[in-house]
Colleague: 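Pasting a structure here, questions to come.
Note on naming: letters A, B, ... go to the chains in the order of the sequence lines (proteins, then strands), and numbering restarts at 1 for each one.
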Amino acid sequence: MTTDSSQPGDSSQPGDSSQPGDSSQPGTRSPAGSALKPVELTSWFDTHARDLPWRATGTTGWGVLVSETMLQQTPVRRVQPIWEEWMARWPRPSDLAAASQAEVLRAWGKLGYPRRALRLHEAASAIATEHGDVVPADVDTLLGLPGIGTYTARAVAAFAYGRRAPVVDTNVRRVVARAVHGAGDAGNPSPKRDLADVDALLPADDTTAAKMSAALMELGQTVCTVRSPACESCPISHDCAWQHAGRPAYSGPPKKVQRFAGTDRQVRGLLLDVLRGAEGPVARERLDAVWSDAGQRDQCLDSLLTDGLMEQTQDGLFALPGES
DNA sequence: GAGTCGTGGCA
DNA sequence: TTGCCAAGACT
């Protein structure tokens, strides 16, 4: 991968990252942002990175974009087989763009958050028609595509094109919270500060910065985990502020936890699952059977129609979009 | 900025 | 069993 097009940095956010004291940790006097050595992370990554299919040499920007979209809030184990199918079936953006929404939603299966599939389908069309069927490498251009936000745009720029683009996901935030700030875990996201924190850690060189971004994520996923961090296997434990502080427990504001049982999300999921499993349009009664609360059921049906995740046929049946 | 949007595995 | 959590985006 890393085709290194020698772009002179993307100068995303120069200064204003300085945050002097950070008085949260009395015992640590390490200046934030200078303790992590790029080479220690990148060489660890070279020998310990998991052999994920989208990391294989030759994976296109499209392959990386599909993987990053599928991986949003979704574990690697569930994404991998679906990604393989998609790459075999739709190797280029224009291939996906040519498929119907119904086909795309069925292929998405139970990965969850099916609107991601619809947005990726839209993005594929835009890439095919406006970008020569090649996923853009520029962060700002990527941000203009549906379904691509701060994280995904930077992940594609870094992992597919070897750009220096600070990548901030939940894993990186945890690693930075511990290694740099000495906290037990990251608090709620603060996009501007989080981005500045990571930007301060990355070296100027594109290729090294991109690999360090991947390494920070991998470290958070496989070593610096939420519940049982394997500090004895960590390549930067000797530079870790959390380690030096005696690994204090997380003491920030309580993290938001989403409910699921009984919510509209559950009902929507059940309704859509009926359509995914059906050959074609289904009668209202089939949908009514999955949830007893008629009021909530109807509301969810409406929202699914509004979101473009299902359609109603002339004769009042329900179907996935584009198959009626 | 807080809420919403799926699904399944694991401690 | 149940709460927590998993490579976020959008309104």
Colleague: In whole angstrom, give me the gap between the C1' atoms of C:dA7 and B:dA2.
Modeller: 23 Å
Colleague: C1' atom, C:dA9 versus B:dG1: distance in rounded Å?
Modeller: 14 Å
Colleague: Mind checking what makes ring-ring contact (aromatic ring centres under 6.0 Å, His included) contact with A:His131, not counting sequence neighbours?
Modeller: none
Colleague: Can you pull out every ring pair (Phe, Tyr, Trp, His ring centres under 6.0 Å) where at least one residue sits in residues 72-99 of chain A? Sequence neighbours excluded, please.
Modeller: A:Trp54-A:Trp83, A:Trp86-A:Trp90, A:Trp86-A:Trp108
Colleague: Members other than A:Tyr250 in its cluster, when Ile, Leu, Val, Met, Phe, Trp, Tyr link by side-chain heavy atoms under 4.5 Å?
Modeller: none
Colleague: For residues 117-126 of chain A, dump all side-chain donor-acceptor pairs below 3.5 Å to protein atoms at least two apart in sequence or in another chain.
Modeller:
{"residue": "A:His121", "atom": "NE2", "partner": "A:Leu96", "partner atom": "O", "Å": "3.3"}
{"residue": "A:His121", "atom": "NE2", "partner": "A:Ala99", "partner atom": "O", "Å": "2.9"}
{"residue": "A:Ser125", "atom": "OG", "partner": "A:His121", "partner atom": "O", "Å": "3.4"}

Colleague: Checking side-chain polar atoms at under 3.5 Å, does A:Arg154 have a donor or acceptor matched by the opposite partner on A:Ser213?
Modeller: no
Colleague: Could you tell me from which nucleotide to which nucleotide of DNA chain C, 5' to 3', there is an atom under 4.0 Å from chain A heavy atoms?
Modeller: C:dC4 to C:dC10
Colleague: Any chance you could list the contact pattern along nucleotides 2-11 of chain B? Use B for base contacts, S for sugar-phosphate-only contacts and - for none, protein heavy atoms under 4.0 Å, 5' to 3'.
Modeller: S-BBBBS--S
Colleague: Looking only at the side chains, is there a donor atom on one of A:Arg268 and A:Ser303 sitting less than 3.5 Å from an acceptor on the other?
Modeller: yes
Colleague: Which of residues 290-301 of chain A have a heavy atom under 4.0 Å from DNA chain C?
Modeller: none
Colleague: Mind checking if A:Leu118 touches a base, just sugar-phosphate, or nothing, with heavy atoms under 4.0 Å?
Modeller: nothing
Colleague: Both A:Gly147 and A:Val76 contact DNA chain C. Which one's nearest nucleotide lies toward the 5' end?
Modeller: A:Val76
Colleague: Test of understanding: with salt bridge (Lys or Arg N to Asp or Glu O under 4.0 Å), list the residues that count as partners of A:Asp185, not counting sequence neighbours.
Modeller: A:Lys255
Colleague: What residues, two or more places apart in sequence or in another chain, satisfy salt bridge (Lys or Arg N to Asp or Glu O under 4.0 Å) together with A:Arg276?
Modeller: A:Asp273
Colleague: A:Arg227: what forms a salt bridge (Lys or Arg N to Asp or Glu O under 4.0 Å) with it, not counting sequence neighbours?
Modeller: none
Colleague: Heavy atoms only, 4.0 Å cut-off, all strands: where does A:Val79 land among base, sugar-phosphate and nothing?
Modeller: nothing
Colleague: Who else is in A:Tyr113's hydrophobic cluster (ILVMFWY, side-chain heavy atoms under 4.5 Å, direct or via others)?
Modeller: none
Colleague: Looking for any heavy atom pair under 4.0 Å, which part of the strands does A:Ser67 touch: base, sugar-phosphate only, or nothing?
Modeller: nothing
Colleague: Could you tell me which residues satisfy salt bridge (Lys or Arg N to Asp or Glu O under 4.0 Å) with A:Asp288, sequence neighbours excluded, listed by chain and number?
Modeller: A:Arg284, A:Arg297
